[in-house]
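The next block holds one structure in the form of structure tokens; read it before the comments.
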Amino acid sequence: MNYEDFFTNRSTSEISKDLLGRTLSFNNGNEILSGTIVEAEAYVGVKDRAAHSYGGRRSQANEGLYRPGGSLYIYSQRQYFFFDVACQAAGEPQGVLIRAIDPLTGIDTMIKNRNGKTGPLLTNGPGKMMQALGITSRKWDLARLEDSPFDIDINHKRKIEEITALPRVGINQSDPKWAKKKLRFIVAGNPYVSDIKKKDVKKNHGFI
DNA sequence: AGATGGATTTTCT
DNA sequence: GAAAATCCATCTA
């Protein structure tokens, strides 16, 4: 299995769901920072009102979405960066946004990168996650996953008790049809999922 | 625990 | 000039 196969050949929601439980890692040149993906959102292209590629919108800023599955689309907003992987064949601008990871290695460095924050505050949101990894530029935008310091383990994943589908976060509500679509997938009960309620957190973090 | 408003910067109109 | 796939401090209960 290679990245291009993994990120094409099935729907972007299926790909997003299948990313849960897999390890995302970043080699900062000194050590490997990594964590288990516990939250991801699908953006399904030109018909998706909430996608950056809605209506075929295309510019230097969102070019990554138009690249073949397995290409990186890194984008910035309000001093924060977002990590997306393009899905589907070249020219079909769909993608998955990785929103949160349950940290595994390099945790001390993540705490430093996050100015002393600890626990779920480390990585329970897309901007926070990238800050924890120490990403401060769009340097790797448009790169292929296999040619970047990022890695997603597509050969192994942790067993998950239950996956929940929810509406996506922070998107324009002017078109309820798309705003309400359940294209956000989470590991139920994991404390690193953004906005999870304390009472919903499970002791095993949602893994078996 | 839930709600509100400010910060800040890239990108497009 | 305004909007944006966010985050955080601060308020109220």
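Order of the sequence lines fixes the chain letters, A, B, ..., with proteins taken first and strands second; residue numbering starts at 1 for each chain.
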- Task: Establish, yes or no, whether the cationic atom of R10(A) lies under 6.0 Å from the six-membered ring centre of F7(A) and within 45° of the ring axis.
- Result: no
- Task: Mind calculating the distance between CE (M130(A)) and P (dC7(C)) to the nearest angstrom?
- Result: 12 Å
- Stacked pair Y43(A)-dA5(C), distance under 5.5 Å, angle under 30°: yes
- Query: Separation of L97(A) atom CG from dA4(C) atom P, in whole Å?
  - Reply: 16 Å
- Query: NA contact type, R184(A), heavy-atom cut-off 4.0 Å: base, sugar-phosphate, or nothing?
  - Reply: nothing
- H52(A) NE2 - dA3(C) P separation (whole Å): 15 Å
- Message: Distance check needed: dA4(C) C1' versus Y73(A) OH, whole Å only.
- Response: 11 Å
- Query: What about Y75(A) and H52(A), are their ring centers closer than 6.0 Å?
  - Reply: yes
- Taking the side chain as every heavy atom from C-beta outward, state whether L97(A) and Y73(A) have any pair of such atoms under 4.5 Å apart. no
- Message: Is N172(A) close enough to dA4(C) that one of its side-chain N or O atoms is under 4.0 Å from OP1 or OP2 there?
- Response: yes
- Message: Just the rounded figure in Å: distance from P of dA1(B) to NZ of K198(A).
- Response: 6 Å
- Message: Rounded to whole Å, please give me the gap between CG in D195(A) and P in dC8(C).
- Response: 12 Å
- Query: Between the side chains of T105(A) and S34(A), is a donor N or O closer than 3.5 angstrom to an acceptor N or O?
  - Reply: yes
- Query: Given the side-chain rings of F83(A) and F150(A), with only the six-membered ring counted for Trp, is the space between their centroids under 6.0 Å?
  - Reply: yes
- Quick one: stems for DNA chain B, with Watson-Crick or G-U pairs under 3.5 Å, at least three in a row? B:1-7 with C:6-12, B:9-12 with C:1-4
- Message: Looking at Y3(A), I'd like to know if the NZ or CZ of R144(A) sits under 6.0 Å from its six-membered ring centre while staying within 45 degrees of the ring's axis.
- Response: no
- Item | D84(A) side chain reached by L72(A) side chain, heavy atoms, under 4.5 Å | no
- Tell me, for nucleotides 2-13 of chain B in 5' to 3' order, what letter each nucleotide earns: B for a base near a protein heavy atom under 4.0 Å, S for only sugar-phosphate near one, - for neither? S----BBBSSS-
- Message: In whole Å, I'd like the distance from the CG atom of L65(A) to the P atom of dA5(C).
- Response: 12 Å
- Rounded to the nearest Å, what distance is computed from the CZ atom of residue R168(A) to the P atom of nucleotide dT6(C)? 11 Å
- What is the nucleic acid contact for I171(A), judged by heavy atoms within less than 4.0 Å: base, sugar-phosphate only, or nothing? sugar-phosphate
- Message: Do S194(A) and E39(A) pair up side chain to side chain, a donor and an acceptor below 3.5 Å, judged on atom types alone?
- Response: yes
- Query: Less than 4.0 Å between a side-chain N and a carboxylate O, is that true for R168(A) and D48(A)?
  - Reply: yes
- Message: Given dC7(C), dA5(C), dT6(C), identify the nucleotide with an atom nearest to the side chain of V169(A).
- Response: dT6(C)
